[in-house]
J.: 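A single structure is presented below for examination.
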Amino acid sequence: MQLWQGRFKKSLSKTTNDFNSSISFDSRMYRQDIAGSIAHATMLGETGIIKKSQADNIVRGLKDILGDIEAGKLTFDPDCEDIHTFIEGELTKRIGDDGKRLHTARSRNDQVAVDIRLYLRGETDILIKLLEKLVCVISDKALEYYDTVMPGYTHLQRAQPITFGHHLLAYGEMFMRDIARLRDCKKRMNQNPLGSCALAGTTYPIDRFMTSELLGFDAPTSNSLDGVSDRDFCMELAGDLSIVMVHLSRFSEEMIMWCSWEFKFAELDDAFSTGSSIMPQKKNPDIAELVRGKSGRVFGDTMALLTAMKGIALAYNKDMQEDKEAVFDAVDSVKMCLTAFTPMLATMTVLKNKMRSAAAGGFINATDCADYLTKKGVPFRDAYKATGALVARCIDLGTDLEGLPLEEYQAVHPVFDEGVYEAINLEKCVADRTSYGGPAPENVRIQAENLKIRVKENQL
Ligand code: ARG
């Protein structure tokens, strides 16, 4: 069914109608479409553009339609062009001529813009909640492992000792920024385009502030052309979600490494692992891999939105119908990933001893050895060079800095004494890293507790 009868002598062919139609993917916005129409009809009644009794009939009819859809008594007609057409048609079917008055001073161009904003506003709230849950799990885990020593890496080479709690809190910061970005995105999303009409506003005495208030928008949009042609909030949301996926993907990649026999720092719960159809010994981190893999489609959704928007003249163009599948897919994918990822992290077993023994190899305390000399007055560059020579000597002798006799130290630099062994002790190396934001267990405990307060009190 098309709304634009009158001018045309023929109807669309079946294939063209299917190509043109968006009801298969925009019907998920039925609640928002009905809410927008109820607000519009109410405003039309209040301003006297239509009679109060007519507005009341429309509102009643729309509420009935909503009830019937929710109860499964009314199904969407796949031959309709879109959800807006379907609901307006159904309304007129039910209440007759009053239904035909609903579209006074409105266009599908501002209608669809309202619907997407309302829909994504709700989804953004759900996404924020899911991220907050993840941050809480991260904070709990960081408290549990606040003093668990592990190797910190650069270039995937053992670099300096840190704590597992500290490593987890790094992800906590990333997800806090994601929450802040989503909250910020919501501010720009929560503006009301209704009343922009097709592109040029209207000659009717509409009240856009009234519909804004009825729909919980902060304000009406300021320019009618922009109101109907703006999809920044879709691109922005998909962009923000792409960054969420970068973070989830990096975290997944690390989990996958930690679960490998080469690392064995962690083990995923059986409920989040899968087996192989041929290799009986396998326990595969499929869920983490799938999260990592899904990052690609969310980036693709963002690129699809940017590309669809980049070359279209103002105002509405049908290209913009492509916004929905892309932004819905980004939202759905991230919701699914967060729903799977958070309990996977919560139930992950950490093999502390394996982390500790990995931290003990690879001369991870070499910087601390150089710092020991520096603290005794040796310039850092000289201390660095001396420690480099000691590492080379250890490699020749097949030992590590802890096992190297004092004479060897003194042969490289006379300032060394027995105190060096304490200075390069791993626990001490970590415990002394008390600089703000550093991995010392006491720091981590405080930061983990703070993180929980920040997320609860919304201090991003
Ligand atoms: N289904 C359309 C969309 O999603 C609704 C707006 C249609 N407006 C128009 N002038 N064709 O973008």
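When a ligand or atom number is given, it counts from 1 through the structure's own listing order. Numbers here simply count residues along the sequence, with the first being 1.
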J.: For ligand 1, is there an N or O atom under 3.5 Å from any N or O atom of K324?
T.: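 Indeed, backbone or side chain, K324 has an N or O that close.
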J.: Take the angle between the ring planes of F86 and F76 and call it parallel below 30°, perpendicular above 60°, tilted in between.
T.: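 The arrangement is perpendicular - the two ring planes meet at more than 60°.
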J.: In terms of atom number and element, which parts of ligand 1 are under 4.0 angstrom from non-hydrogen atoms of D82?
T.: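 What qualifies from ligand 1 is 1 (N), 2 (C), 5 (C).
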J.: Using 4.0 Å as the upper bound for N to carboxylate O, is an ion pair formed by R28 and D332?
T.: yes
J.: Nearest protein heavy atom to atom 7 (C) of ligand 1, by residue and atom, and its distance?
T.: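 The protein heavy atom lying closest is Y316 OH, 3.6 Å.
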J.: Give the residue, atom name and distance (to 0.1 Å) of the protein heavy atom nearest atom 2 (C) of ligand 1.
T.: Q321 OE1, 3.2 Å
J.: Please confirm whether E81 comes within less than 3.5 Å of ligand 1 when only nitrogen or oxygen atoms on both sides are compared.
T.: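 There is no such contact.
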J.: Verify whether one side chain among S21 and N17 offers a donor that lies under 3.5 Å from an acceptor in the other.
T.: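 Result is no, nothing qualifies.
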J.: For atom 10 (N) of ligand 1, which of I83, D26, N109 has the closest heavy atom?
T.: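 That would be N109.
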J.: Side-chain donor-acceptor pair under 3.5 Å between T16 and S13, yes or no?
T.: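 Result is yes, a qualifying pair exists.
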J.: Please confirm whether the ring centroid of Y146 lies under 6.0 Å from the ring centroid of F164.
T.: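 Here the rings of F164 and Y146 have centres that are no less than 6.0 Å from each other.
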J.: Report yes or no: does R106 contribute a side-chain atom to a donor-acceptor pair with the main-chain N or O of S196 at less than 3.5 Å?
T.: no
J.: Has ligand 1 got any nitrogen or oxygen that is less than 3.5 angstrom from a nitrogen or oxygen of S22?
T.: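 Min N/O separation from ligand 1 is below 3.5 Å for S22.
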